[in-house]
Amino acid sequence: PLGLRVLGGFVGIPIEAVARVAGWSADIGLLFGMSVVENSPRIEAALTALNAYIDDLLAARRADPADDLLSGLIAAEEAGYLLSDAELRAMIITLMSAGHHTTVRQLGNAMATFLGHPEQWQLLRADPSLAAQAAEEVVRHSPAAVLGVPRIAKAEVVLRERSFAPGTCVFPVTGAANRDPRMFSEPDRFDITQRRRPHLTYGGGIHHCLGVALARAELQESLLALSARLRAPEAAGPATWYPPTEAVYGPISLPVGSW
């Protein structure tokens, strides 16, 4: 995918290794789902392989810097800004995982949703200025990030008359919040023409997604390009899906045809 190649070039990962790094990053992302125990061998293997690859890449960039983010981070480290190799690894893993898999699966969710609402697709085709609203409505109605980050109560917490004892694991489900009828009128309705309140898919406050501008731009431009090209998209075969218990949800494959 174009986005993956651009992101890899920005970070400093050679084009021939981008797909491998993205695969390892996707496996590491399983750490944030609800099947960590079952996926732990896969997660550990990906961490081992990716850390070894990044160590080799760090050594190569120290010997021969390039015009990329990784070389810039190494320069910051050597200038005394205290970036350890572990922090450099974490930065690369985060960028490759959060910067690619979320948007790819969100676009898959978008197309799956439009396949079920062909009249909305025709609205977008007729009025491309709806692309920004369409992108927001897709992210609200059919988010790739259904689950929030789990939290552990350090002390007793009382929220809306519900008490959480110390040590309680709280697993917020932002996808459910995006369908809250107290916040959204007709929350289960997919409507790209309706201006709605802000959703929670991108988080909020100090936990607001750092890559939200890029995610919105990628989704909007993709929807514009696809709506211009596909007159009447329809399913061309059965889709396969990641389980909804994983941190980033969406189709693994989604065959689409058009006439």
Side-chain angles (χ1 to χ4, degrees), residues 1 3-4 7 22 25-26 28-35 93-117 120-121 123-124 130-151 159-160 169-224 226-227 239 241-252 254:
L4 180 56
L7 181 60
S25 298
I28 292 169
L30 296 172
L31 180 64
F32 299 100
M34 298 179 68
S35 305
I93 291 170
T94 300
L95 284 171
M96 292 305 297
S97 180
H100 169 61
H101 298 289
T102 49
T103 51
V104 167
R105 294 181 193 173
Q106 185 61 69
L107 181 58
N109 284 346
M111 287 308 302
T113 303
F114 275 112
L115 290 179
H117 299 81
Q120 297 294 311
W121 186 257
L123 288 173
L124 178 59
L130 288 172
Q133 256 178 241
E136 292 303 304
E137 179 69 348
V138 160
V139 171
R140 180 200 70 84
H141 183 275
S142 307
V146 177
L147 305 175
V149 178
R151 307 290 180 184
L159 180 63
R160 294 187 177 178
C169 178
V170 180
F171 215 133
V173 182
T174 53
N178 288 343
R179 301 276 191 107
D180 188 344
R182 294 169 297 182
M183 300 299 295
F184 302 99
S185 63
E186 298 182 283
D188 295 330
R189 181 183 178 190
F190 178 64
D191 183 358
I192 67 172
T193 67
Q194 188 172 160
R195 294 186 178 275
R196 297 186 183 272
R197 292 183 174 186
H199 54 75
L200 292 181
T201 300
Y202 294 128
I206 62 172
H207 298 291
H208 196 246
C209 175
L210 290 175
V212 63
L214 177 59
R216 282 178 168 141
E218 288 184 355
L219 192 55
Q220 290 172 27
E221 291 302 315
S222 296
L223 289 175
L224 281 173
L226 288 168
S227 62
W241 293 78
Y242 288 95
T245 53
E246 299 309 325
V248 184
Y249 174 67
I252 299 171
L254 182 67

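Only this structure's heavy atoms are used, side chains among them; waters, hydrogens and symmetry mates stay out.
Of the possible polar contacts, none joining the Q220 side chain to the A135 backbone as a donor-acceptor pair under 3.5 Å is found. Looking only at distances, no side-chain donor or acceptor of R151 sits under 3.5 Å from a matching main-chain atom of V170. Between the H117 side chain and the T113 main chain, a donor and an acceptor come within less than 3.5 Å of each other. Between the Q133 side chain and the T193 main chain, a donor and an acceptor come within less than 3.5 Å of each other.
A distance of 13.5 Å separates CZ in R140 from OH in Y202, rounded to the nearest 0.5 Å. Here L123 contributes atom CG and I192 contributes atom CD1; the two are 5.0 Å apart, rounded to the nearest 0.5 Å.
Side-chain atoms of F114 and L226, non-hydrogen and from C-beta on, never get closer than 4.5 Å to each other. Between Q120 and D191, the closest side-chain pair of non-hydrogen atoms falls below 4.5 Å. Contact of the H141 side chain with the R179 side chain is registered, since non-hydrogen atoms from C-beta on lie closer than 4.5 Å. Counting heavy atoms from C-beta on, the side chains of E136 and P198 never come closer than 4.5 Å.
Within 6.0 Å of CG in L214 there are more than 12 heavy atoms belonging to other residues, nucleotides or ligands.
The two residues C169 and P150 make their nearest non-hydrogen contact at SG-CB, 4.1 Å. Closest non-hydrogen pair, R189 versus R196, comes out as O-NH2, 3.0 Å. Taking each heavy atom of T174 and A145 in turn, the nearest pair found is OG1-O, 3.4 Å.
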Show me, pair by pair, the donor-acceptor contacts under 3.5 angstrom made by side chains of residues 104-112, not counting sequence neighbours?
residue, atom, partner, partner atom, Å
R105, NH1, V248, O, 2.8
R105, NH2, Y242, OH, 3.3
Q106, OE1, A144, N, 2.8
Q106, NE2, S142, O, 2.9
N109, ND2, S142, O, 3.4
N109, ND2, P143, O, 3.4
N109, ND2, Y249, O, 3.1

